[in-house]
Amino acid sequence: MKYVIIGGDAAGMSAAMQIVHNDSEAEITVLEKGHIYSYGQCGLPYVVGGLIKSTDDLIARSVETFKSKYGIDARILHEATSVSPSMRKVSGENHETGTAFTISYDRLLIATGASPMLPKWKGASEKRVHVVKTIPDTKRLIQDLQMDQVKEVIIIGAGYIGLELAENIHRLGKRIRIIQRSGHIATMLDPDMAELLHLEAERHGIILAVNEEVKAIEDGHVVTDVQSHAADLVIAAVGIRPNTTFLKKTGMNMLQNGAVIVNDRLETSIPGIYAAGDCATHFHLVKQKPDYIPLGTTANKQGRIAGLNMAGKRRSFKGITGTSVMKFFNLIAASTGLTEKDAREAGIPYKTSTIETKDKAGYYPTASPLRVKIMYDPDSGRLLGGQAIGKHGAEKRIDVLAAALFNKMTIEELEDLDLSYSPPVNGVWDPIQQAARRAT
């Protein structure tokens, strides 16, 4: 069986390893348009801040390891530019030699990931403007941040990457300003939860410019529809777009943003072709429809399941609840399921319960504040989502809520869970149970 995988990172190599383990006769070719395989993109901001010494520390396995140890024909600088489903062939360009190539397949995996969006602002192509998605991107940013004249840094966009970069560049002694088009940073949270991150930003001298839309980057300034901000260096972190343009002529079913629609076995609408990771859809268990929430955990899971199915081992991808967590200075912010905005857009009725409590027994000397919010269906009581922010313990609560969402639990059932208790780590009633009790 000839397997071709387009993309040599999380989803692609997770799939490749499953094929290696489950098909001893497999011929596996991986086409990677860059020159680095299998690295932890989520660690890049921490290399920028110096917490992680080198981008080399983020590489899980080298190209040579995949070749010599696992027998994978792992190619670098091979960019796929077209797919012919009728002929079962992939064509592209070898950027190392400047020559074209064509390769046939029996089963094909699209694992091309996504690229940062860079809006067509005037001046967006200036050297001072950066995006951060790859190791080369990160190296260029680090090099420029080391320049003495770089003192004022503007980050456009306040999602995971934008906020993580803000914290890490602040560690370098730079002055940071974040420009956000909406009314609050961290739009994966509701405004009443994100306000804690606003306060944390202010405590660390981060300037927030919300409700401002960037129009141009010129003469050392970022110009918005409100005002002009001086900048020695600019980072655009306004989202990502699936790398699927080369597939449009195949007729493959996609979302409007280009994410390839897949079923529970990660099959596309074309027989013999699979897709996984940041270029594919992710079935949302609460919304009950294909969604696009690109996260490293999902890419690895989807890649594994795609590889198993490609090798003939039937396995279903059960879906996501959109669980995520991030550190911002001294706070941990975590969420799962729907936000209020998600519910309104989906036409799903909801109620919320928010509490201000402590991460452990309130009398314990190291207890610290924790804000927890849950969303639920007002009629059935079924949990719809949850958010938590605090110095400690937010991630534990969200992981419990993610498991509850996966199992379609109600807030009454949350109260019945047998959760751990000891004064140094929790109260008699866990914070999520406190929120559930207040709702009922």
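Side-chain contact, Asn94 with Thr99: no donor N or O sits under 3.5 Å from an acceptor N or O. For Thr339 and Asp342, the side-chain atoms include at least one donor-acceptor pair closer than 3.5 Å. No side-chain donor from either of Lys249 and Ser82 sits under 3.5 Å from a side-chain acceptor of the other. In the model, Asp264 has a side-chain atom that pairs as donor or acceptor with a side-chain atom of Ser316 under 3.5 Å.
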Check step by step if side chain to side chain contact (heavy atoms under 4.5 Å, CB included) holds for Tyr39 and Thr55. CA-CA 9 Å; Tyr39 67 96; Thr55 54; over 6 Å; no

Would you check, one step at a time, whether the test side chain to side chain contact (heavy atoms under 4.5 Å, CB included) holds for Asp359 with Ser368? CA-CA 6 Å; Asp359 64 317; Ser368 61; 3.3 Å; yes

Go through the steps for Leu233 and His130 under the test side chain to side chain contact (heavy atoms under 4.5 Å, CB included), then give the verdict. CA-CA 8 Å; Leu233 183 147; His130 290 259; 3.9 Å; yes

Take Ile432 and Leu419, measure what side chain to side chain contact (heavy atoms under 4.5 Å, CB included) needs, and give me the verdict at the end. CA-CA 10 Å; Ile432 62 173; Leu419 301 179; 4.1 Å; yes

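A tilted orientation is assigned to the rings of His184 and His198, their planes being inclined by 30° to 60°. Ring pair His170/Phe329 is perpendicular by interplanar angle, where above 60° counts as perpendicular and below 30° as parallel.
For the atom pair Asp278 CG and Thr112 OG1, the distance stands at 9.0 Å (nearest 0.5 Å). How far CD1 of Ile155 is from NZ of Lys174: 12.5 Å, rounded to the nearest 0.5 Å. For the atom pair NZ of Lys318 and NZ of Lys301, the computed distance is 13.0 Å after rounding to the nearest 0.5 Å. Between the CD1 atom of Ile178 and the CG atom of Leu208 there is a distance of 5.5 Å, given to the nearest 0.5 Å.
Residues Arg397 and Leu370 meet the side-chain proximity criterion, which asks for heavy atoms closer than 4.5 Å. Side-chain contact between Leu44 and Ile161 is absent, with no heavy-atom pair separated by less than 4.5 Å. By the 4.5 Å heavy-atom criterion applied to side chains, Thr297 and Thr323 are not counted as neighbours. Taking 4.5 Å as the limit, some side-chain heavy atom of Gln18 sits within range of a side-chain heavy atom of Leu308. Side-chain contact between Glu267 and Val262 is absent, with no heavy atoms from C-beta onward closer than 4.5 Å. Side-chain contact between Arg61 and Met13: absent, with no pair of heavy atoms (C-beta onward) separated by less than 4.5 Å. Contact of the Arg315 side chain with the Arg304 side chain is registered, since non-hydrogen atoms from C-beta on lie closer than 4.5 Å. With a 4.5 Å cut-off on side-chain heavy atoms, Val153 and Arg175 do not count as touching.
Around NZ of Lys133, the count of heavy atoms belonging to other residues, nucleotides or ligands within 6.0 Å exceeds 12. Around atom CZ of Arg265, more than 12 heavy atoms belonging to other residues, nucleotides or ligands sit under 6.0 Å away.
Of all non-hydrogen atoms in Thr321 and Ala402, the two that sit nearest each other are OG1-CB, 4.1 Å. Between Gly386 and Leu401, the shortest heavy-atom contact is CA-CD1, 3.8 Å. The minimum heavy-atom distance between Lys360 and Thr366, with the atom names listed, is NZ-O, 3.5 Å. Taking both residues in full, the closest heavy atoms of Tyr3 and Ala26 are given as CE1-CB, 3.5 Å, listed atom of the first, atom of the second, then distance. Between Ala74 and Lys67, the shortest heavy-atom contact is O-CE, 2.8 Å. Nearest heavy-atom pair across Ile240 and Pro294 is CD1-CG, 3.6 Å.
Distance alone, capped at 3.5 Å, places no donor-acceptor pair between the Asn407 side chain and the Met409 backbone. For the pair Lys122 (side chain) and Glu218 (backbone), a donor-acceptor distance under 3.5 Å is absent. Not one N or O on the side chain of Gln387 forms a donor-acceptor pair closer than 3.5 Å with the backbone of Arg371. Looking only at distances, a side-chain donor or acceptor of Asn426 sits under 3.5 Å from a matching main-chain atom of Ser420. Using modelled atom types, one side-chain atom of Tyr37 and one backbone atom of Arg75 make a donor-acceptor pair closer than 3.5 Å. Checked by atom type and distance alone, the side chain of Asn168 pairs as donor or acceptor with a backbone atom of Glu164 at under 3.5 Å. Checked by atom type and distance alone, the side chain of Ser228 never pairs as donor or acceptor with a backbone atom of Thr224 at under 3.5 Å.
Contact check on Lys373 versus Glu340 returns a salt bridge, with a Lys/Arg side-chain nitrogen under 4.0 Å from an Asp/Glu carboxylate oxygen. For Asp291 and Lys289, the salt-bridge test fails: no basic side-chain N is under 4.0 Å from an acidic carboxylate O.
Exactly one of Glu167, Glu395, Glu200 qualifies for a salt bridge (Lys or Arg N to Asp or Glu O under 4.0 Å) with Lys327. That residue is Glu167.
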